[in-house]
**Q** 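Structure below; questions to follow.
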Amino acid sequence: MSADVAVNPGDTAWVLVCTGLVLFMTPGLAVFYGGMVRSRNVLAMLQQNMIALGVVSLTWVFVGYTIAFGDDAGSGLFGNLELFGLTDLKVPPAPHLHVVDARITIPALAFVAYQMMFAVITPALVTGATAGRLKFGGWVLFLAIWSIVVYAPIAHWLWHPGGWLAKLGTQDWAGGMVVHASAGAAVVAVLLVVGRRRNWPHAAAPPNSIPLTILGAGILWFGWFGFNGGDGLQANGVAAQAVLNTHLAAAAGMLVWLLVERFSDGHSTVVGGVSGAVAGLATVTPTAGYVNTLSAVAIGAIAGLVCHFALRLKYLLRLDDALDVLAVHFVGGMLGSLLLGLFGDNGINPLGRDGLFLGGGGGLLWDQLVGVVSVVAFSFVLTWLIAAGIQAVIGLRVPDKDQDRLDQAQQGTDAYHLGGVTSLAAPGGPQRRPRPGGAGAAPVPAGHPVKLVSALLDPSRVSDSGMLREELLGAGAISLTVSDTTAATEGTVRQVLPRGYWQEQPLLARLRLDVLVPAEAEQAVVDLLSRYEPRLVWASDVAPVVVR
């Protein structure tokens, strides 16, 4: 490997920091998606994202990098294979790599590592759309092939000076087309192959942990500073402008999404807020280093509006996009790429071009349109071929019976091992416990009549399980058992889910409470339970086998 020549320590440090930030986005994406799937599919979703760090990192070093950034093979479509396995790596990156000019002096390996993280996270975006349907072995094979056959050539088109779109004049600062549009087109193709979840769109699929999703969104927002801030490969004013634009677009996207959500759905939700922020981040990505501050705010606001209404796109296309990758990433990436043709500002970055609104005419907008159409068409066609081939050979879609239990089917364990009401502890035997502030009760004598009172409660009404426990014991309960269950409704219930969706639910989550009581205390326990507005209460005679 060549020795470093005229390396700038500040630029190198900045690019390496940004590399770490972009790497951190992949586990952030895993957590973001993981919180929004069913509780029995969490581990599978986390693994589908994290495995990209292993698979794509190796494909990138062996062949992906040379296809993307090796010397052009002459067609503008892909690089030659001279850098296979990084065996003949030049000292700095080649000049004029989309925003890079002759002043860039960072080690080539820093550039390789930074670009590797983009290659890793791009196909991982697909997992949000296919939640509950991917066979792990097929997904691993898909990652390996897609990262070489689809991602690397598109990166060459736009981010190598010999790429045909780069020579045309199409610009993409940090991946509006290379990352978001290509992944979005891949989502459409994969969904056509793996199909819909069972009973979609009527089956309820509420998120298992909204706090986990918010944590993931925060990690993504933080990591995006490296995603957009490092693409100039210099620690300078353009990098500062890109970071500021990134943050402001996310802020504007969040606020506009919340405003639209309030008027259209009646609530401004935390999931909607972070969805708007991610939409703003995805949309500003292709423009971050090419537009001024106010333009970034406008771009984020437009993203919050357009991407929110794009949530309906999957229903129009009849595509079961589980976590709205199409609305946020696909629409956002394409929208931002086209908005660059309007808001581009050569005064911000001399390597950029003026857009229509700044007197540059429609030339840049046309070039952006050509780029978007080309990337989407290329990614869609090849992705469909890859996915269909894998489905035919080893399978890409899991069996329907495993869709709601991927963690057990693929991991052999569950993400969570706690019941719905873990603090509702109960005596282990039939002996009555002391009443609060009173003396202990006498044991239930053998042959004394005992009743089993059962009830179905709405979990949301049990705000203090400890209090319920003490009240039942005080009313004369001998022992308590609580379990999670679902109960059929008299009619289908419409329940609101994140991002303004309503889903028809024939079954609702309930707590089943079984209380063992002496016959004389039955009415007191029933009266107490009635305060919680139970769905159903019933009682039966029981005969304790062991009485102590």
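Reckoned from all heavy atoms, side chains included, excluding hydrogens, waters and symmetry mates.
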**Q** Taking the side chain as every heavy atom from C-beta outward, state whether Thr283 and Ile302 have any atom pair closer than 4.5 Å.
**A**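 When only atoms from C-beta onward are counted, Ile302 and Thr283 do not touch, as no gap falls below 4.5 Å.
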**Q** Could you tell me if the side chain of Ile154 sits less than 4.5 Å from the side chain of Met177, heavy atoms only?
**A**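 No, their side chains stay 4.5 Å or more apart.
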**Q** When you check the gap from the basic side-chain N to the acidic O, do Arg198 and Asp404 get nearer than 4.0 Å?
**A**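 Result for this pair is yes, salt bridge flagged.
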**Q** Test of understanding: with side-chain contact (heavy atoms from CB on, under 4.5 Å), list the residues that count as partners of Ala288, not counting sequence neighbours.
**A**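 Only Trp173, Asn228, Ala242, Thr246 meet the side-chain contact (heavy atoms from CB on, under 4.5 Å) criterion with Ala288.
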**Q** Could you go through the side-chain contact (heavy atoms from CB on, under 4.5 Å) check for Val63 and Leu81 one step at a time?
**A** CA-CA 7 Å; Val63 68; Leu81 299 180; 4.1 Å; yes
**Q** More than 12 non-hydrogen atoms from neighbouring residues, nucleotides or ligands closer than 6.0 Å to CZ on Phe24, yes or no?
**A**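 Result for CZ/Phe24: open.
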**Q** Which is it for Arg397 and Asp400 under the salt bridge (charged side-chain N to carboxylate O under 4.0 Å, His left out) test, yes or no, and what are the steps along the way?
**A** CA-CA 9 Å; Arg397 177 187 170 98; Asp400 286 352; 2.8 Å; yes
**Q** Which distance, rounded to the nearest 0.5 Å, do you find between the CG of Asp407 and the OH of Tyr416?
**A**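 Here the interatomic distance stands at 9.0 Å.
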**Q** Could you pull out the closest heavy-atom pair between Ala249 and Val284, with the gap in Å?
**A**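 Distance-wise, the nearest heavy atoms are CB-CB, 3.5 Å.
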**Q** List the steps and the verdict of ring pair (Phe, Tyr, Trp, His ring centres under 6.0 Å) for His247 and Trp224.
**A** CA-CA 9 Å; His247 183 70; Trp224 227 295; over 10 Å; no
**Q** Quick one about Thr66 and Glu82 (side-chain donor to acceptor, distance below 3.5 Å, no hydrogens or angles considered), yes or no?
**A**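 No - no donor-acceptor pair under 3.5 Å links their side chains.
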**Q** Ring centroid separation for Phe111 and Phe69, is it under 6.0 angstrom?
**A**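 Yes, ring centres under 6.0 Å apart.
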**Q** How about Trp157 and Phe78: are their ring centroids closer than 6.0 Å?
**A**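 No: the rings miss the under 6.0 Å criterion.
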**Q** For a quick test of reading the model, state the closest non-hydrogen atom pair linking Ala181 to Phe330 and the distance between them.
**A**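 Scanning both residues, the minimum pair turns out to be O-CE1, 3.5 Å.
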**Q** Looking at every non-hydrogen atom in both residues, tell me the closest pair between Asp71 and His160 and how far apart they are.
**A**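 What the structure gives for the nearest pair is CA-NE2, 4.1 Å.
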**Q** Taking all atoms of both residues into account, what is the closest heavy-atom pair of Gln403 and Gly132, and its distance?
**A**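 Scanning both residues, the minimum pair turns out to be CG-O, 3.3 Å.
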**Q** Do Gln171 and Gln368 pass the side chain to side chain donor-acceptor pair (under 3.5 Å) test, and can you show the C-alpha distance, the side-chain angles, and the key distance before you say yes or no?
**A** CA-CA 7 Å; Gln171 296 187 328; Gln368 297 301 107; over 6 Å; no
**Q** Can you find a pair of side-chain heavy atoms, one from Pro207 and one from Ile210, that are under 4.5 Å apart?
**A**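 They are in side-chain contact.
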**Q** Any chance you could lay out the side-chain contact (heavy atoms from CB on, under 4.5 Å) test for Asn208 and Arg38, step after step, and finish with the verdict?
**A** CA-CA 5 Å; Asn208 76 90; Arg38 296 174 182 268; over 6 Å; no
**Q** Please assess Ile106 against Val7 for the test side-chain contact (heavy atoms from CB on, under 4.5 Å), listing each intermediate value before the final yes or no.
**A** CA-CA 5 Å; Ile106 64 172; Val7 167; 5.8 Å; no
**Q** Run the ring-centre check on Trp164 versus His156 and record whether the distance is less than 6.0 Å.
**A**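 Between Trp164 and His156, the centre distance exceeds or equals 6.0 Å.
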**Q** Find the distance between OG1 (Thr287) and CD1 (Ile299) and round it off to the nearest 0.5 Å.
**A**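 Those atoms lie 3.5 Å apart.
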**Q** In this structure, which one of Asp320, Asp321, Asp324 forms a salt bridge (Lys or Arg N to Asp or Glu O under 4.0 Å) with Lys314?
**A**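 Answer to the salt bridge (Lys or Arg N to Asp or Glu O under 4.0 Å) test with Lys314 among Asp320, Asp321, Asp324: Asp324.
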**Q** Show the nearest heavy-atom pair for residues Ala388 and Val193, with the distance to one decimal.
**A**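 That closest heavy-atom pairing would be N-CG2, 3.9 Å.
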**Q** What verdict does the ring pair (Phe, Tyr, Trp, His ring centres under 6.0 Å) test give for Trp257 and Phe309, after you've listed the backbone C-alpha separation in whole Å, the side-chain angles of each residue and the deciding distance to 0.1 Å?
**A** CA-CA 9 Å; Trp257 188 297; Phe309 286 110; 9.4 Å; no
**Q** Provide the closest heavy-atom pair for Thr127 versus Ala124 in the form atom of the first, atom of the second, distance.
**A**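 In this case the closest contact between Thr127 and Ala124 is OG1-O, 2.8 Å.
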**Q** Look at the rings of Tyr65 and Trp60 and say which category their plane angle falls in: under 30° parallel, 30 to 60° tilted, over 60° perpendicular.
**A**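 The arrangement is perpendicular - the two ring planes meet at more than 60°.
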**Q** Is there side-chain contact between Asn49 and Met45, with at least one heavy-atom pair below 4.5 Å?
**A**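 The answer is yes; the side chains approach within 4.5 Å.
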**Q** So do the side chains of Ile390 and Trp139 get within less than 4.5 Å of each other, counting heavy atoms only?
**A**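 They are not in contact (no side-chain heavy atoms under 4.5 Å apart), so the answer is no.
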**Q** In sequence, state the C-alpha distance, the side-chain angles, and the governing distance for Phe118 and Phe227, and then conclude on ring pair (Phe, Tyr, Trp, His ring centres under 6.0 Å).
**A** CA-CA 8 Å; Phe118 286 79; Phe227 199 87; 4.5 Å; yes
**Q** Is there a side-chain contact between Val179 and His329 (heavy atoms, below 4.5 Å)?
**A**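 No, every pair of side-chain atoms sits at 4.5 Å or beyond.
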**Q** Please examine the side chains of Arg133 and Leu191, heavy atoms only from C-beta on, and report whether any two atoms are closer than 4.5 Å.
**A**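 In contact.
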**Q** Does the side-chain contact (heavy atoms from CB on, under 4.5 Å) test come out yes or no for Leu109 and Leu86, once each step is laid out?
**A** CA-CA 9 Å; Leu109 284 178; Leu86 308 182; 4.2 Å; yes
**Q** Hey, are the side chains of Val398 and Leu134 touching, using non-hydrogen atoms and a 4.5 Å cut-off?
**A**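 A side-chain contact is absent here, since even the closest heavy-atom pair is not under 4.5 Å.
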